[in-house]
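These figures come from a predicted structure and were not determined experimentally.
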Amino acid sequence: MRLGVTMFTTDQAMPVADLARAAEERGFASLYVPEHTHIPISRRTPPAAGQDVLPEEYKRTLDPLVALAYAAAVTERLTIGTGIMLAAQRDPIVTAKAVATLDHLSGGRFVLSVGFGWNVEEMEDHGVPYGSRRDVAREHVLAMKELWSREVAGFEGRHVRFEPSWSWPKPVAGPPVYIGGAAGPKMFAHVAEYADGWIPIGGKGVKDALPALREAYEKAGRDPATVRVIPFGTVPSRGKLDYYAGLGIEEVVCSLPAAPADAVLPVLDGYSSLL
């Protein structure tokens with residue numbers, strides 16, 4: 001079982017380079033960081049996790065690719081990934097270049113986990129209507145995959161269009177793409193079409209969802225044995241990890257507080273006892 005960690009990297013939390021070094025030194029396999037470009041002060045959209053007040057870290061989140069570049073530079077083995085990137089809100093050509101550069105410089109250690117988002121106002125500021133966010137994210141990822149995999153890549157979609165073009169560097173391998181969000185037919189159709197796996201937040205209900213996910217893979221003509229599931233942002237215990245291992249899950253990503261080092265390191269040490 002691979003154990004990874006995730007933290008809201010902010011200007012007030014433990015520096016991401018220090019966190020990456022600490023995670024690798026303790027034997028953790030991966031570090032994932034989330035994304036919010038900005039948070040409109042309107043609370044027309046309530047917090048996704050049901051809080052009465054939106055946590056401070058949402059307002060202060062670092063850019064994930066810049067933060068992960070720092071993490072990659074001070075580590076040698078640690079997988080670095082977004083968890084999650086709001087793909088609909090990003091220009092796919094610019095993001096494809098940034099991702100490929102980071103993957104190239106890190107020696108192929110980057111993982112792209114994307115999500116569809118919950119903050120209506122944030123999306124609207126990027127010109128993305130909430131109802132179309134899944135379709136926009138899908139095309140952005142498909143367009144990026146074209147740029148990563150072809151010497152000459154073009155794309156003609158409803159939301160993304162660019163003429164046949166050159167774009168280097170290419171990623172070392174992939175990178176793997178995972179999609180985060182709640183279980184359901186739409187989610188699993190997206191995973192089966194253009195991703196390598198699913199990252200359910202918290203991991204609740206994974207066992208019951210696996211048959212539907214594997215069925216979606218079969219319908220898409222893909223081998224259901226190849227789909228990866230990574231419970232994300234969970235608080236681990238030995239029993240929980242054994243349970244996931246029994247389901248064939250090979251990686252679990254544990255939640256860390258968005259806090260200074262003196263609060264983060266004791267939690268990290270506690271998790272490391274489960275490795």
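- The stretch residues 24-51 participates, sequence neighbours left out, in these ring pair (Phe, Tyr, Trp, His ring centres under 6.0 Å) pairs: Tyr32-Phe232, His36-Tyr58, His36-Trp118, His38-His126.
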### Query
Where do Val267 and Val5 land on the side-chain contact (heavy atoms from CB on, under 4.5 Å) test, with the steps shown first?
CA-CA 11 Å; Val267 179; Val5 292; over 6 Å; no
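- The shortest distance between side-chain heavy atoms of Phe162 and Ile93 falls below 4.5 Å.
- Lys240 places a side-chain N or O within 3.5 Å of a backbone atom of Val235 that can act as its donor or acceptor partner.
- Although no hydrogens or angles enter the test, the distance criterion places no donor-acceptor pair under 3.5 Å between the side chain of Thr95 and the main chain of Pro92.
- Note: Met144 CE to Arg90 CZ = 8.5 Å, rounded to the nearest 0.5 Å.
- With a 6.0 Å cutoff to the six-membered ring centre and a 45° limit on the axis angle, Arg133 counts as a cation-pi contact of Tyr130.
- For Glu24 (side chain) and Leu78 (main-chain N/O), a donor-acceptor pair under 3.5 Å exists by modelled atom type.
- Within a 6.0 Å radius of CZ in Arg238, more than 12 heavy atoms belonging to other residues, nucleotides or ligands are found.
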### Query
Hey, mind stepping through Glu251 and Val253 against side-chain contact (heavy atoms from CB on, under 4.5 Å) and telling me if it holds?
CA-CA 7 Å; Glu251 182 177 0; Val253 177; 4.1 Å; yes
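- Taking OG1 of Thr101 as the start and CH2 of Trp168 as the end, the distance is 13.5 Å to the nearest 0.5 Å.
- Using modelled atom types, no side-chain atom of Glu57 and backbone atom of Ala258 make a donor-acceptor pair closer than 3.5 Å.
- The distance from atom CD of Glu122 to atom CG of Leu86, rounded to the nearest 0.5 Å, is 5.5 Å.
- Counting only distance, with no hydrogens or angles, the side chain of Tyr271 and the backbone of Ser255 share a donor-acceptor pair below 3.5 Å.
- Within the 3.5 Å criterion, the main-chain N or O of Glu218 finds no donor-acceptor partner in the side chain of Arg222.
- A donor-acceptor pair under 3.5 Å links the side-chain atoms of Glu121 to the main chain of Thr45, judged by distance alone.
- Other residues, nucleotides and ligands place more than 12 heavy atoms under 6.0 Å from the OH atom of Tyr194.
- Counting heavy-atom neighbours within 6.0 Å of Gln51 CD, excluding the residue itself, gives a total above 12.
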Side-chain donor-acceptor pairs of residues 169-178 under 3.5 Å, sequence neighbours excluded:
{"from": "Lys170", "atom 1": "NZ", "to": "Leu147", "atom 2": "O", "distance (Å)": "2.6"}
{"from": "Lys170", "atom 1": "NZ", "to": "Arg150", "atom 2": "O", "distance (Å)": "2.6"}
{"from": "Lys170", "atom 1": "NZ", "to": "Ser167", "atom 2": "O", "distance (Å)": "2.8"}
{"from": "Tyr178", "atom 1": "OH", "to": "Arg228", "atom 2": "NH1", "distance (Å)": "2.9"}

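- In this structure, Leu112 CG and Lys145 NZ are separated by 9.0 Å, a value rounded to the nearest 0.5 Å.
- For the atom pair Thr37 OG1 and Asp125 CG, the distance stands at 8.0 Å (nearest 0.5 Å).
- No side-chain donor-acceptor contact under 3.5 Å links Glu250 to the backbone of Arg2.
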